[in-house]
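As structure tokens, the structure follows; a few thoughts come after it.
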Amino acid sequence: MSHIGILVIVILYLVFLLVVGFWYSKASSAGSSEYFLGGRKMGPWVLSMSEKASESSGFMTVGLPGEGYSTGMSSVWNAVSSVFSIFNWFFFAKRIRRLSEILKSITIPDLLSARFQDHTHVMRMVSIVIMTIFQTVYVCAQFVAFGVLFEVVLGVSFSIGVIVGGIITIIYTMLGGFFAVALTDFIQGLLMAFALFILPILAIIEIGGFNRMGTLLGESMGTEFLQPFFGESLLTLAGLIAIISYLFIGFGFNGSPHILVRYMALRNTRDVKRIALIGIIWMMIAYYGASFIGMSGAVLFPNLENPEHIFPTMTVELLPWWLAGIILAGALSAMMSSIDSMLLIASSTIAEDLWNKVLHKGELDEGRTILISRIATAVIGGFGIIIALNPLDSVFWLAVFAWAGLATCFGPPIILSLFWKGVTKWGAISGMIVGPVVTVLWYFFPPVDIYEGGPAFIAALVVIVVVSLFTQPPKGEEFDRMWDEYTEKSELGRLAPLPSDLESVKTLQKSDVSTKTEKEIVTQLLNSRMRTASPYVNK
């Protein structure tokens, strides 16, 4: 009964995702902005959960618990990478949203090409190649995680799990676009938080508490398993290098397209602080929960052949079937949330940047662009499924490798372009090529045992700066006008409001305060960050 019950819950969840895709298919077909960015109408809760779910992926429910099972307390250091996510929201998100609105860009390559006035489309072509390669690898990693969960929990073959999970995700992404992706990611983010919060608590209770778990781990795995610095009680050079590697993984938040597009999809720049706060709480639950799942699992199930099976194994063995079904849905959510975002970003780049802007000079109608994107989603997803049936590495390392390739291509040029007017087109293009190349070379031939994303990111930054110093930056009246608008300050010394910001203020002003309590009015004002010395004026 238990396996049948779990299977029923999982099937119902997958059917629900398909319904969401069909439900939003009409809204997403209204135009390119709606399909690729949800019309920039997403609220802070949906956008925050969507970002967290999409960036975490099978890494959080398969990869990181496996690391905790294998390496112990040191796996918690994975959480240090998350500081870059919060850093991004405070320092980059507003500027990326601002620049994308001014340039009317709906994809990352479109944003870069417009910012650097690249009429040759070289930047778009580099972006398309890098996105297609590394995002296919990332999607492949999530399909592998699908297979693992279906195999361990439901007794279904690995191949069937990969194919079924992959097809479902491809279909609802094709139909619903960003609307469907954001809404399902919101639900998936909540399910993931629930799963990563409740499972380690139940496991530790089953063991007999933290102290009992520590004693048993010390006896079975050795005291080094509980040492915080990778088997040492004090920080060593090797431990420092490992921590730096985890920090380098955080660079991915600065350049992963499926993260950056969330900044572009902001309803307005006023939602940023609330989104960041929601994200901090979610990440603390997720990272520590995943690590403790692995460590508690090493006590309860000490002889697993594959450490990455620990999450589904604990789910089935410790929970009643109905709760196991919900938790499994949360695990599937982790993978689907990354797959749908990756597929949408890759397909939007092919449709909007290659098919529309390069091949049809921007004259392709929006309906045809959306159709091309849906076809590209199916093709890229199909390749991911084929590769996943014969994976080259673990979910953990496939994911972080692809994460590095994407981050080192897009992170450095975008960061520099937000703050330095003198960055040149050829400097940016050089960095976009050097970053992924160094990533691949360092991955296969590492001169130092450190995560490849860090050296590649730094190399890309250096190359962009050096090349920019010897080449001509964008110029002309149109560029100067764009830069002046982008950097314009209000009377309070902050960046001047954009039309989307003014719209949110007008909406507040039009609201009927006569039916609201004093507390509701004050709360609404605080949430909107209004000040008596507001720089906004009615027109």
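For the side-chain hydrogen bond (donor to acceptor under 3.5 Å, both in side chains) test, residues two or more places apart in sequence or in another chain that qualify with Arg95 are Tyr486. Qualifying side-chain hydrogen bond (donor to acceptor under 3.5 Å, both in side chains) partners for Tyr288, counting only residues two or more places apart in sequence or in other chains: none. Listed by chain and number, the residues in a side-chain hydrogen bond (donor to acceptor under 3.5 Å, both in side chains) with Thr71 amount to none (sequence neighbours excluded). By the side-chain hydrogen bond (donor to acceptor under 3.5 Å, both in side chains) test, Ser127 is found to be paired with no residue, residues two or more places apart in sequence or in another chain being considered. Taking Glu477 as the reference, Arg481 meet the salt bridge (Lys or Arg N to Asp or Glu O under 4.0 Å) condition, with sequence neighbours excluded. In this structure, Phe383 has no ring pair (Phe, Tyr, Trp, His ring centres under 6.0 Å) partners at least two apart in sequence or on a different chain.
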(request) Tell me, with the steps shown, if Arg98 and Lys94 meet side-chain contact (heavy atoms from CB on, under 4.5 Å). (result) CA-CA 6 Å; Arg98 182 179 184 83; Lys94 286 185 178 181; 6.0 Å; no

(request) May I have the step-by-step check of side-chain contact (heavy atoms from CB on, under 4.5 Å) for Met482 and Leu99, ending in yes or no? (result) CA-CA 9 Å; Met482 179 276 294; Leu99 191 60; 3.9 Å; yes

(request) Take Val76 and Tyr287, measure what side-chain contact (heavy atoms from CB on, under 4.5 Å) needs, and give me the verdict at the end. (result) CA-CA 7 Å; Val76 174; Tyr287 276 96; over 6 Å; no

(request) Given side-chain hydrogen bond (donor to acceptor under 3.5 Å, both in side chains), test Ser100 with Ser105 step by step and report yes or no. (result) CA-CA 5 Å; Ser100 68; Ser105 301; over 6 Å; no

(message) Quick one, Thr439 with Phe457, criterion side-chain contact (heavy atoms from CB on, under 4.5 Å). Give me CA distance, side-chain angles, the key distance, then yes/no.
(response) CA-CA 8 Å; Thr439 295; Phe457 200 96; over 6 Å; no

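A distance of 9.5 Å separates CG in Asp484 from CZ in Phe479, rounded to the nearest 0.5 Å. Note: Phe444 CZ to Glu452 CD = 9.5 Å, rounded to the nearest 0.5 Å.
At a threshold of 4.5 Å between non-hydrogen side-chain atoms, the residues Pro109 and Ile128 do not count as touching. Contact check for Leu371 versus Arg368: side-chain heavy atoms found under the 4.5 Å cut-off. A heavy-atom distance below 4.5 Å is not found between the side chains of Leu260 and Phe92. Looking only at side-chain heavy atoms (C-beta outward), Leu112 and Asp118 stay at 4.5 Å or farther from each other. Side-chain contact between Asp480 and Lys421 is present, with heavy atoms from C-beta onward closer than 4.5 Å. Put simply, the side chain of Trp442 reaches to within 4.5 Å of the side chain of Ile450, judged on heavy atoms. Val438 is not listed as a side-chain neighbour of Thr408, based on a closest heavy-atom distance of 4.5 Å or more. Between Ile380 and Ile350 there is a side-chain heavy-atom pair separated by less than 4.5 Å.
Ion pairing of Asp110 with Lys104 is absent here, as no side-chain N (NZ or NE/NH1/NH2) approaches a carboxylate O to less than 4.0 Å.
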Run the side-chain donor-acceptor check on residues 425-433: report pairs under 3.5 Å with partners two or more places apart or on a different chain.
unit_1, atom_1, unit_2, atom_2, d
Ser430, OG, Trp426, O, 2.7

Using distance only, find each side-chain donor-acceptor pair of residues 459-466 under 3.5 Å and give its atom names and separation, not counting sequence neighbours.
none

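Residue pairs meeting the salt bridge (charged side-chain N to carboxylate O under 4.0 Å, His left out) criterion with at least one partner in residues 134-143, sequence neighbours excluded, do not occur; the list is empty. For residues 235-245, there are no salt bridge (charged side-chain N to carboxylate O under 4.0 Å, His left out) pairs, not counting sequence neighbours. Identified under the ring-ring contact (aromatic ring centres under 6.0 Å, His included) test for residues 98-137, with sequence neighbours left out: Phe134-Phe401. Applying the salt bridge (charged side-chain N to carboxylate O under 4.0 Å, His left out) test to residues at least two apart or on different chains, none of the pairs has a partner in residues 402-418.
Contact between Ser75 and Leu64 at its shortest, heavy atoms only, is O-CD1, 4.0 Å. A pairwise comparison of heavy atoms in Ile108 and Met131 identifies CB-CE, 4.1 Å as the closest pair. Here the closest non-hydrogen pair linking Ala456 and Gly435 is CB-O, 3.3 Å.
Here the side chain of Arg115 pairs a donor or acceptor atom with the backbone of Ser417 at under 3.5 angstrom. In this structure, Trp282 contributes its side chain and Leu277 its backbone to no donor-acceptor pair below 3.5 Å.
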